Amino acid sequence: MITVKHLSKNFGNLVVLSDVNLEIREGEVISVIGPSGTGKSTLLRCINLLDRPSGGSIYIDGVDILDAKTDVPKIRQKMNMVFQSFNLFAHLCVIDNLTIAPIRLLGKSKQEAEQKAMDILTLVGLAEKAHSYPDELSGGQKQRVAIARCLAMDPEIILFDEPTSSLDPTMVSEVLSVIRRLAKEGMTMVIVTHEMDFARDVSNRVMYMDEGIIYEEGTPQQIFDNPQKEKTRAFINRIRSIHYHITSPKYDLYTMNAEIEVFCEKQILPLKTRKNLLMIIEELLQMYKPLLLTAALDMTLSYSEKQESVELVLESSGVAINVLDNKQLPVESGLRVIRSMTESIAYQRVNDRNRLTLILN
Ligand code: ADP
Ligand code: MG
């Protein structure tokens, strides 16, 4: 359906894509993953002709879309793109957002376009919002409208550019559910995403992008469980941990908790582990609070699938101090809570830094 050969793209001196080759067959769901800045959006934008490639070729159903003679609007209609930031028409209500392009570009009658729009809105669970305006909707609803607007054009393929990354954690799943449903119905899709569990179970193939190329590709099992190349491996391992650099006692505990919950969900940790983890972190940060006035704290939370354990590492600079063993800090009750929920606690002085490692039970 889509064949990309030796695609390159530079912005001035910056080479973003150096030699991208890929083939997408009908009905495939492909996830594109990789560190930010590696050209994932640029690749989608080139395929959708929003950016002009610097070299190489792109064929859609055998047609060279970079050929000057190609009917670009017609090609665009076969492909539609969903953006991170929704890009809805703010001055149009939901149903008008869905009907404007089919009426203007496909020549559909208003009635026909509205009938179809209502069917699609029902599919994405938003029939009730047909006459609302985008700013009356939550982020998750807006993104579902954006997907619906795509579908209204009867695309053969949909390109998603991080469709959930500007959403509140609570709204991610409603959008992913809609995409899952499209996958089940056989829609061909390319999805740039950081939602690794989603990528794993929705896609036939996963492409890891780095160094301006498709650095490694394979089935979800191959890429997530057994990546062959070093950078892929490093990336996959890194997403199993989160890191915080806390520089003041006024850190935002609520945002942190929400992110940690999402992390736990992604790693499919039991609810009890999740609760214990949040409680331990809250107690620990309470203990670190006085120290935060003078020294920053680095906290890394990681999950090892092999050992099925959650590890929390806290590192602070400054004088040697173990917050769990400090008479000056009010630790008694907190310490008991932490002890009851951990399998081991170790304090080390490493490179003039205090490192506390806790393994949860
Ligand atoms: P990703 O989506 O993987 O995070 P992007 O494709 O957005 O990466 O960007 C890749 C690189 O290209 C980045 O370094 C970015 O700053 C640069 N870039 C993207 N678009 C432009 C542009 N229009 N002009 C100049 N540089 C750009
Ligand atoms: Mg991007």
Side-chain angles (χ1 to χ4, degrees), residues 2 4-22 24 29-58 65-66 72 76 79-88 139-140 142-143 146-147 150 157-169 171-172 175-176 179 189-200 202-203 205-218 220 223-224 227 229-243 259 262 266:
I2 298 185
V4 172
K5 284 188 183 157
H6 306 301
L7 185 74
S8 62
K9 174 70 183 172
N10 20 294
F11 295 105
N13 291 330
L14 178 71
V15 179
V16 176
L17 304 177
S18 60
D19 185 14
V20 172
N21 295 282
L22 59 89
I24 300 163
V29 178
I30 293 182
S31 294
V32 179
I33 61 171
S36 58
T38 48
K40 303 180 298 298
S41 297
T42 303
L43 173 62
L44 291 194
R45 294 174 61 83
C46 283
I47 293 178
N48 201 24
L49 295 174
L50 293 170
D51 275 339
R52 183 87 196 165
S54 309
S57 44
I58 304 174
I65 64 170
L66 300 178
V72 171
R76 273 234 190 90
M79 281 184 287
N80 225 325
M81 186 149 159
V82 172
F83 302 87
Q84 186 177 331
S85 51
F86 326 128
N87 292 10
L88 296 176
K142 280 184 209 165
Q143 195 58 305
I147 295 170
C150 247
I157 176 163
I158 305 184
L159 312 173
F160 291 88
D161 192 4
E162 296 194 29
T164 59
S165 57
S166 63
L167 299 177
D168 277 358
M171 291 170 189
V172 169
V175 171
L176 295 185
I179 302 175
M189 300 189 281
V190 180
I191 310 166
V192 172
T193 184
H194 288 293
E195 302 287 338
M196 297 301 152
D197 281 334
F198 171 71
R200 181 193 281 260
V202 82
S203 36
R205 271 194 295 154
V206 177
M207 296 180 181
Y208 173 73
M209 272 191 80
D210 211 331
E211 298 193 334
I213 56 172
I214 308 288
Y215 184 84
E216 185 167 351
E217 71 159 275
I223 298 296
F224 290 115
K229 295 172 82 174
E230 180 163 340
K231 284 199 168 181
T232 322
R233 225 176 281 154
F235 179 77
I236 297 295
N237 287 336
R238 196 162 57 238
I239 54 162
R240 294 188 202 281
S241 68
I242 37 177
H243 180 86
E259 286 170 0
V262 169
K266 282 187 186 165

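We're numbering straight along the sequence, starting at 1. Every number for a ligand or one of its atoms is a count from 1 in the order of the listing. Bear in mind the structure is a predicted one, so any value in this text is a computation, not a measurement.
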Just which atoms of ligand 1 are under 4.0 Å from any heavy atom in [X]?
{"X": "Ser36", "value": "4 (O)"}
{"X": "Leu14", "value": "12 (O), 14 (O), 17 (C)"}
{"X": "Ser41", "value": "1 (P), 2 (O), 6 (O), 7 (O)"}
{"X": "Thr42", "value": "5 (P), 6 (O), 9 (O)"}

Original post:
Would you say Lys5 has more than 12 foreign heavy atoms packed within less than 6.0 Å of its NZ?
Top reply: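 No, not enclosed.
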Original post:
Of the backbone atoms (N, CA, C, O) and the side-chain heavy atoms from C-beta on, which set of Asp51 has a member under 4.0 Å from an atom of ligand 1: side chain, backbone, both, or neither?
Top reply: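 Contact part for Asp51 vs ligand 1: neither.
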Subject >> ligand 1 versus Val16: contacting region, heavy-atom distance under 4.0 Å >> reply: side chain
Original post:
With only distance considered, is Lys40 within less than 3.5 Å of ligand 1 through an N or O on each side?
Top reply: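 Between Lys40 and ligand 1 (N or O atoms, distance only) the closest approach is under 3.5 Å.
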Subject >> Rounded distance [0.5 Å steps], CE in Met189 versus CD1 in Ile157 >> reply: 9.5 Å
Original post:
Looking at CE of Met207 and CG of Leu43, how far apart are the two atoms once the value is rounded to the nearest 0.5 Å?
Top reply: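 The distance works out to 8.5 Å.
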Protein contact to [atom] [nearest heavy atom, distance to 0.1 Å]:
{"atom": "atom 19 (C) of ligand 1", "answer": "Phe11 CE1, 3.5 Å"}
{"atom": "atom 8 (O) of ligand 1", "answer": "Gly39 N, 3.2 Å"}
{"atom": "atom 1 (P) of ligand 1", "answer": "Gly37 N, 3.4 Å"}

**OP:** Grab the two heavy atoms, one from Pro53 and one from Asp51, that are nearest each other, plus how far apart they are.
**Re:** CD-O, 3.3 Å
Original post:
Which pair of heavy atoms, one from Pro163 and one from Val192, lies closest together, and at what distance?
Top reply: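 It is CD-O, 3.5 Å.
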Decide yes or no for [X] and [Y]: does some side-chain heavy atom of the first lie under 4.5 Å from some side-chain heavy atom of the second?
{"X": "Ser8", "Y": "Val15", "answer": "no"}
{"X": "Phe198", "Y": "Ser31", "answer": "no"}
{"X": "Phe224", "Y": "Asp197", "answer": "no"}

Original post:
Does the protein place any heavy atom closer than 4.0 Å to atom 15 (C) of ligand 1?
Top reply: no
Original post:
For the Mg ion (ligand 2), which protein N/O/S atoms are closer than 2.8 Å?
Top reply: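 Listed by chain and number, the atoms are Ser41 OG.
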Original post:
In terms of the angle between their ring planes, are Tyr208 and Phe235 parallel, tilted or perpendicular, with boundaries placed at 30° and 60°?
Top reply: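 Tilted: the ring planes of Tyr208 and Phe235 meet at 30° to 60°.
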**OP:** Using side chain to side chain contact (heavy atoms under 4.5 Å, CB included) as the criterion, point out the one residue from Val202, Asp161, Val206, Ile30 that pairs with Ile191.
**Re:** Val202
Subject >> Worked verdict on Leu66 versus Leu49 for side-chain contact (heavy atoms from CB on, under 4.5 Å) >> reply: CA-CA 8 Å; Leu66 300 178; Leu49 295 174; 3.7 Å; yes
